[in-house]
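Single-structure report; data block below.
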Amino acid sequence: MKSVQIGDLTVGGGKGLFVMAGPCVIEDYDRTLAIGREAKAICDRLGVPYVFKASFDKANRSSFNSFRGPGIDEGLQILASIKKELNVPVVSDIHSIEQIEPAAEVLDVLQIPAFLCRQTDLVYGAAKTGKCVNVKKGQFMAPKDMENVLNKMKESGNENLMLTERGFSFGYNNLVVDMRSFPIMRNFGYPIVFDATHSVQLPGGAGTSSSGNREFVPNLARAAVASGVDGLFFEVHDNPEEALSDGPNMLYLNQFESLLTELVAIDKIVKP
């Protein structure tokens with residue numbers, strides 16, 4: 001099992017869990033920073049390597065009128081400031097080839113959204129930067145088929161790669177997590193992450209926005225860690241009810257530490 005470099009962190013390689021966590025989207029600087037500061041403090045207390053996440057643009061919202069974030073210019077400025085303030089690596093989504101170069105100047109992890117995981121020029125271009133690239137498995141993709149995505153990126157010479165499971169489309173407005181996907185994708189030799197909060201999303205389930213079942217986040221996260229994942233991805237918020245994106249599937253920040261404590265304990269059992 002390969003390890004990958006994320007800023008100053010070395011993760012994967014059969015070691016303990018690492019965490020990528022933060023709000024779904026940058027809402028404003030102060031709130032985004034506060035969420036990141038608390039998430040980092042929790043991870044520090046538990047000895048878990050932490051990467052801050054927040055999207056500068058949610059380009060695949062259900063409605064044209066939905067809040068998308070501050071955009072790439074302001075968003076990258078905010079992420080750069082948070083990176084410096086908290087002294088942590090940062091990850092955010094990129095959606096087009098044009099975003100790769102400016103994003104790579106700030107981000108430690110270039111993340112490819114699930115809907116775009118088959119876009120050859122995007123995944124190859126991201127990998128060509130030499131930065132760590134995290135590709136979310138498409139909701140329409142079999143786990144085995146993600147090896148093709150890895151192979152596209154490996155053509156760039158970059159081995160600093162990760163894959164993330166975030167659920168598979170299961171009927172209308174529903175997702176299911178197939179626990180077989182973790183050992184299947186982990187056999188490719190690269191770190192595997194579980195996106196615990198998007199996996200309980202109900203895409204388009206609220207008509208002009210997505211809904212979700214956050215009450216199932218702990219169950220799925222515990223099962224994923226027991227299956228041997230290398231990292232966890234959480235969207236957390238101090239008050240998901242008033243979040244501007246993905247509120248119904250985001251985890252309450254005040255519940256994050258107790259859940260992560262359980263997950264670290266499970267990980268120590270399965271990775272002695």
Could you walk me through whether Asp230 and Arg186 pass the salt bridge (charged side-chain N to carboxylate O under 4.0 Å, His left out) test, one step at a time? CA-CA 9 Å; Asp230 302 278; Arg186 207 161 184 265; 2.9 Å; yes
Please test Phe256 against Phe234 for ring pair (Phe, Tyr, Trp, His ring centres under 6.0 Å), starting from the C-alpha separation and ending with a verdict. CA-CA 9 Å; Phe256 184 42; Phe234 293 100; 5.4 Å; yes
With side chain to side chain contact (heavy atoms under 4.5 Å, CB included) as the test, would you mind laying out the steps for Leu110 and Asp93 before giving the verdict? CA-CA 6 Å; Leu110 301 175; Asp93 296 325; over 6 Å; no
Might you work through the side-chain hydrogen bond (donor to acceptor under 3.5 Å, both in side chains) test for His198 and Asp246, ending with a clear yes or no? CA-CA 8 Å; His198 282 113; Asp246 277 6; 2.9 Å; yes
I'd like to know whether Glu241 forms a salt bridge (charged side-chain N to carboxylate O under 4.0 Å, His left out) with Arg214, so could you lay out the CA-CA distance, the side-chain angles of the two residues, the decisive distance to 0.1 Å, and finally the verdict. CA-CA 12 Å; Glu241 305 302 332; Arg214 77 168 63 87; 3.3 Å; yes
Could you walk me through whether Val109 and Lys53 pass side chain to side chain contact (heavy atoms under 4.5 Å, CB included), step by step? CA-CA 9 Å; Val109 183; Lys53 72 82 43 189; over 6 Å; no
Under the criterion side chain to side chain contact (heavy atoms under 4.5 Å, CB included), I'd like the reasoning laid out for Tyr190 against Leu163: C-alpha separation, chi angles, the key distance, then a yes or no. CA-CA 7 Å; Tyr190 295 83; Leu163 298 177; 5.8 Å; no
Mind running salt bridge (charged side-chain N to carboxylate O under 4.0 Å, His left out) on Lys152 and Glu147 for me, showing each step along the way? CA-CA 9 Å; Lys152 290 178 182 180; Glu147 188 170 19; over 6 Å; no
I would like to know whether Phe56 and Gln99 meet side chain to side chain contact (heavy atoms under 4.5 Å, CB included); could you show each step before the answer? CA-CA 11 Å; Phe56 56 77; Gln99 292 180 342; 3.9 Å; yes
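Heavy-atom contacts from other residues, nucleotides or ligands closer than 6.0 Å to NZ of Lys128 number 12 or fewer. Atom CG of Asn151 is surrounded by more than 12 heavy atoms from other residues, nucleotides or ligands within 6.0 Å. In this structure, Lys271 places its NZ atom where more than 12 heavy-atom neighbours from other residues, nucleotides or ligands lie under 6.0 Å away. In this structure, Asn87 places its CG atom where only 12 or fewer heavy-atom neighbours from other residues, nucleotides or ligands lie under 6.0 Å away. Glu101 CD: 12 or fewer foreign heavy atoms inside a 6.0 Å radius.
In plain terms, the two heavy atoms of Leu175 and Ser199 that are nearest each other are CB-O, 4.0 Å. The nearest pair of heavy atoms linking Gly47 to Pro49 is O-CD, 3.8 Å. Shown here for Val229 and Leu17, the closest heavy-atom pair between the two residues is O-CD2, 3.7 Å. Summarising the geometry of Leu79 relative to Ser92, their closest heavy-atom pair is CD1-CB, 3.8 Å, with the distance given to 0.1 Å. Contact detail for Ile97 and Asp121: the closest heavy-atom pair is CD1-CB, 3.5 Å. Ile42 and Leu253 make their closest contact through CD1-O, 4.2 Å (heavy atoms, listed as atom of the first residue, atom of the second, distance).
One distance of note links OG1 of Thr261 with CD1 of Ile266; it measures 11.0 Å at 0.5 Å rounding. With rounding to the nearest 0.5 angstrom, the CG atom of Leu202 is 5.5 Å from the CG atom of Asn174.
For Thr10 (side chain) and Gln5 (main-chain N/O), no donor-acceptor pair under 3.5 Å exists by modelled atom type. Of the possible donor and acceptor atoms, one in the side chain of Glu165 sits under 3.5 Å from a partner among the backbone N and O of Gly167. Judged by distance alone, with hydrogens and angles left aside, the side-chain atoms of Asn158 form a donor-acceptor pair with the main-chain N or O of Ala127 at under 3.5 Å. Side-chain atoms of Asp108 come within 3.5 Å of backbone atoms of Val90 as a donor-acceptor pair (strictly under, hydrogens ignored). No donor-acceptor pair closer than 3.5 Å links the side chain of Lys154 to the backbone N or O of Val149. Panel note: side chain Ser55, backbone Cys24; a donor-acceptor pair is recorded below 3.5 Å. Between the side chain of Asn213 and the backbone N or O of Phe216 there is no donor-acceptor pair closer than 3.5 Å. Between the side chain of Lys131 and the main chain of Ala104, a donor-acceptor pair closer than 3.5 Å is present. Side-chain atoms of Lys2 never come within 3.5 Å of backbone atoms of Pro191 as a donor-acceptor pair (strictly under, hydrogens ignored). The backbone N or O of Arg180 sits less than 3.5 Å from a side-chain atom of Asp178, completing a donor-acceptor pair.
Inspection of the Glu27 and His237 side chains reveals an N or O donor paired with an N or O acceptor under 3.5 Å. Under 3.5 Å, the side chains of Asn134 and Gln111 contain a donor-acceptor pair of N or O atoms.
Taking 4.0 Å as the cut-off between side-chain N and carboxylate O, Arg45 and Glu38 count as a salt-bridged pair.
Linking ILVMFWY residues whenever their side-chain heavy atoms come closer than 4.5 Å, directly or via other members, places Val177 and Leu232 in the same cluster.
Considering only residues two or more places apart in sequence or on other chains, Arg37 meets the salt bridge (charged side-chain N to carboxylate O under 4.0 Å, His left out) condition with Glu85. In terms of the side chain to side chain contact (heavy atoms under 4.5 Å, CB included) criterion, residue partners of Tyr50 (sequence neighbours excluded) are, by chain and number, Val19, Ala21, Ala39, Lys40, Cys43, Phe52, Val88.
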Throw together a table of side-chain donor-acceptor distances under 3.5 angstrom for residues 218-228, partners on residues two or more places apart or in other chains.
| unit_1 | atom_1 | unit_2 | atom_2 | d |
| --- | --- | --- | --- | --- |
| Arg222 | NH1 | Glu262 | OE1 | 2.8 |
| Ser227 | OG | Ala223 | O | 2.9 |

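In this structure, Lys144 forms no cation-pi arrangement with Phe188, as its terminal cationic atom is not both closer than 6.0 Å to the ring centre and no more than 45° off the ring axis.
Using a 4.5 Å heavy-atom cutoff, the side chains of Tyr124 and Met153 are not in contact.
Ring-plane geometry between Phe115 and Phe140 is classed as parallel, the angle between the planes falling under 30 degrees on a 0 to 90 degree scale with a further cut at 60.
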